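All of these numbers come straight from a predicted model, not from anything done at the bench. Just so you know, residue 1 is the first one in the sequence shown, and it goes up from there.
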Amino acid sequence: MTMATASASLALVMLFACSLLLAGTAFSDDTIAIPLLERFKAWQAEYNRTYATPEEFQQRFMVYSENLRFIKTMNQLSTGSSYELGENQFTDLTEEEFKDTYLMKLDEQPPAAEAMPPIVGTMSTAGMSNGDNTGEAPNSVDWRTKGAVTPVKNQQQCGSCWAFATVASIEGVHQIKTGRLVSLSEQEIVDCDRGGNDHGCRGGYPRSAMEWVTRNGGLTTESDYPYVGSQRQCMSGKLGHHAARIRGYQAVQRKNEAELERAVAGRPVAVVIDASRAFQFYKRGVFSGPCNTTTVNHAVTVVGYGSAGSDSGGGRKYWIVKNSWGQRWGENGYVRMARRVRAREGMCAIAIEPYYPVM
């Protein structure tokens, strides 16, 4: 690349930045107000993002600028609400790129119950079928404080959230039953649970993944079968290395947040949700949309619930949700999602397909 070409490309970037500033799209927060191009460069440094050519730099700068505009608009529209959006590691991706890279790319909805093998049981309104936590659920639960949740992990550029939600729920019930918190292998599920409803980095469903783990007899540890962020050949020699076993899974009554509360009171629960553009840039607070309640594209794990005070979340009831996008996303890798909402499906369809493993 010649110096003249680089200078011309930089000039185009500067011209674009100036046009945004003149259009009133300079962005600021409580502590900083800087030209947009400098803000983008600071973001690059913070997230260690580099680009191969000036043209790619210009394209990503334009995408970053548009995403900042969206974040600013949403925060202005939701002034006084319970949550805030902000920059994160996804701010130079278009909505389509983000969905294609980090969310499930399945065309079908969660598999119908009659299409799945028999399960251990389902929760009833009288109490849990395994005898745990009968009666009303407590006002708040946080399995992180009880030692049943491993640190937030990172699925990387792979739509394997379904494996992470499955593993987090198994890790939780294993700790509750044995007193030992063990980090288990998502990669074993991604590589070896093939066909049916589960498709590696294209997506899958926690329920069918739990069925696979049951058939396999258990899961090995993260250290024995480490995560690589892509689907590869199954290391069949490790399928018998069982660090944790389950004998099946249970369904929580669909579209019923009260039943989901009672399930979460007993252990972490895997769910599927719609991860919208607003969800992509969640920063803090009690997330209340916008998002769909009829479609799903992401799997996460509910590890508790509670209520936010008026100073931190508008007094909103919330779910504590463990995500798999690393600890720099959201609230150290977690999102608090609005609980007991008007829609029977729950916020972003969180109550549409809840399952948990049984030991």
Exercise. With sequence neighbours left out, write down each residue that passes side chain to side chain donor-acceptor pair (under 3.5 Å) with Lys317, or none if nothing qualifies.
Key: none
Considering only heavy atoms from C-beta outward, does the side chain of [X] approach that of [Y] to under 4.5 Å?
X: Arg336; Y: Val321; value: no
X: Leu36; Y: Phe61; value: yes
X: Arg215; Y: Glu211; value: yes
X: Tyr205; Y: Glu353; value: no
X: Met74; Y: Pro290; value: yes
X: Glu222; Y: Thr150; value: no
X: Trp162; Y: Ile189; value: yes
X: Ser169; Y: Arg267; value: no

Quiz item: How about Tyr282 and Trp325: are their ring centres within less than 6.0 Å of each other?
Solution: no
Is it the case that one hydrophobic cluster holds both [X] and [Y], taking links as side-chain heavy atoms less than 4.5 Å apart, direct or via other members?
X: Met337; Y: Val269; answer: yes
X: Leu239; Y: Met235; answer: no
X: Val271; Y: Leu103; answer: yes
X: Ile273; Y: Val286; answer: yes
X: Val182; Y: Val173; answer: yes

Looking at every non-hydrogen atom in both residues, tell me the closest pair between [X] and [Y] and how far apart they are.
X: Gly285; Y: Glu331; result: N-OE2, 2.9 Å
X: Glu171; Y: Leu184; result: OE2-N, 2.9 Å
X: Gln155; Y: Ser160; result: CB-OG, 3.6 Å
X: Val300; Y: Asn323; result: CG1-OD1, 3.7 Å
X: Ser223; Y: Pro226; result: O-CD, 3.8 Å
X: Tyr305; Y: Ala265; result: OH-CB, 4.1 Å

Donor-acceptor pairs under 3.5 angstrom involving side-chain atoms of residues 339-351: please list them, not counting sequence neighbours.
| from | atom 1 | to | atom 2 | distance (Å) |
| --- | --- | --- | --- | --- |
| Arg339 | NE | Tyr318 | O | 3.2 |
| Arg339 | NH1 | Glu261 | OE2 | 2.8 |
| Arg339 | NH2 | Gly306 | O | 2.8 |
| Arg340 | NE | Glu261 | OE2 | 2.7 |
| Arg340 | NH2 | Glu261 | OE1 | 3.0 |

Determine the interplanar angle of the [X] and [Y] rings, folded into 0 to 90°, and report it as parallel if under 30°, tilted if 30 to 60°, perpendicular if over 60°.
X: Phe40; Y: Tyr64; value: tilted
X: Phe281; Y: Phe70; value: tilted
X: Phe279; Y: Trp329; value: tilted

Is [X] reaching over with its side chain to a backbone N or O of [Y], donor-acceptor style, under 3.5 angstrom?
X: Ser208; Y: Asn197; answer: no
X: His174; Y: Arg180; answer: yes
X: Lys105; Y: Asp100; answer: yes
X: Thr301; Y: Val303; answer: no
X: Asn292; Y: Thr294; answer: no
X: Trp143; Y: Val264; answer: yes
X: Asn75; Y: Glu84; answer: no
X: Arg254; Y: Ile352; answer: yes
X: Gln157; Y: Thr101; answer: no
X: Gln187; Y: Ser230; answer: yes

To the nearest 0.5 angstrom, please state how far the [atom1] atom of [X] sits from the [atom2] atom of [Y].
X: Asp92; Y: Gln44; atom1: CG; atom2: CD; value: 8.0 Å
X: Cys158; Y: Phe164; atom1: SG; atom2: CZ; value: 7.5 Å
X: Gln89; Y: Gln280; atom1: CD; atom2: CD; value: 9.5 Å
X: Cys291; Y: Asp274; atom1: SG; atom2: CG; value: 5.5 Å
X: Ser324; Y: Tyr102; atom1: OG; atom2: OH; value: 11.0 Å
X: Leu68; Y: Trp43; atom1: CG; atom2: CH2; value: 10.0 Å

Does a side chain donor of either [X] or [Y] reach within less than 3.5 Å of an acceptor in the other side chain?
X: Tyr356; Y: Gln250; answer: yes
X: Asn67; Y: Thr91; answer: no
X: Trp319; Y: Glu257; answer: yes

Quiz item: Using 4.0 Å as the upper bound for N to carboxylate O, is an ion pair formed by Glu95 and Lys99?
Solution: yes
Quiz item: What residue among Lys283, Arg39, Arg49 forms salt bridge (Lys or Arg N to Asp or Glu O under 4.0 Å) with Glu87?
Solution: Arg39
Quiz item: Centre of Tyr47's six-membered ring, under 6.0 Å away, within 45 degrees of the axis: is that where NZ or CZ of Arg328 sits?
Solution: yes
Practice problem: Walk me through it: do Tyr334 and Val149 pass the test side-chain contact (heavy atoms from CB on, under 4.5 Å)? | Solution: CA-CA 12 Å; Tyr334 289 86; Val149 184; 3.4 Å; yes
Self-check item: side-chain contact (heavy atoms from CB on, under 4.5 Å) evaluation trace for Glu38 with Lys41
Solution: CA-CA 5 Å; Glu38 293 305 312; Lys41 290 180 178 178; 4.0 Å; yes
Quiz item: Can Tyr83 and Val335 be said to form a side-chain contact (heavy atoms from CB on, under 4.5 Å), step by step?
Solution: CA-CA 10 Å; Tyr83 74 95; Val335 53; over 6 Å; no
Practice problem: Start with the C-alpha gap between Lys153 and Ser183, add the side-chain angles, then the distance that decides, and say whether side-chain contact (heavy atoms from CB on, under 4.5 Å) holds. | Solution: CA-CA 10 Å; Lys153 303 179 185 181; Ser183 183; 3.1 Å; yes
Quiz item: Under the salt bridge (Lys or Arg N to Asp or Glu O under 4.0 Å) rule, what pairs show up with a residue in residues 318-327, not counting sequence neighbours?
Solution: none
Practice problem: Kindly indicate, with the supporting measurements, whether the criterion salt bridge (charged side-chain N to carboxylate O under 4.0 Å, His left out) is fulfilled by Glu188 and Lys238. | Solution: CA-CA 8 Å; Glu188 182 178 5; Lys238 297 192 175 184; over 6 Å; no
Self-check item: Flag if over 12 foreign heavy atoms under 6.0 Å of CD, Glu97
Solution: yes
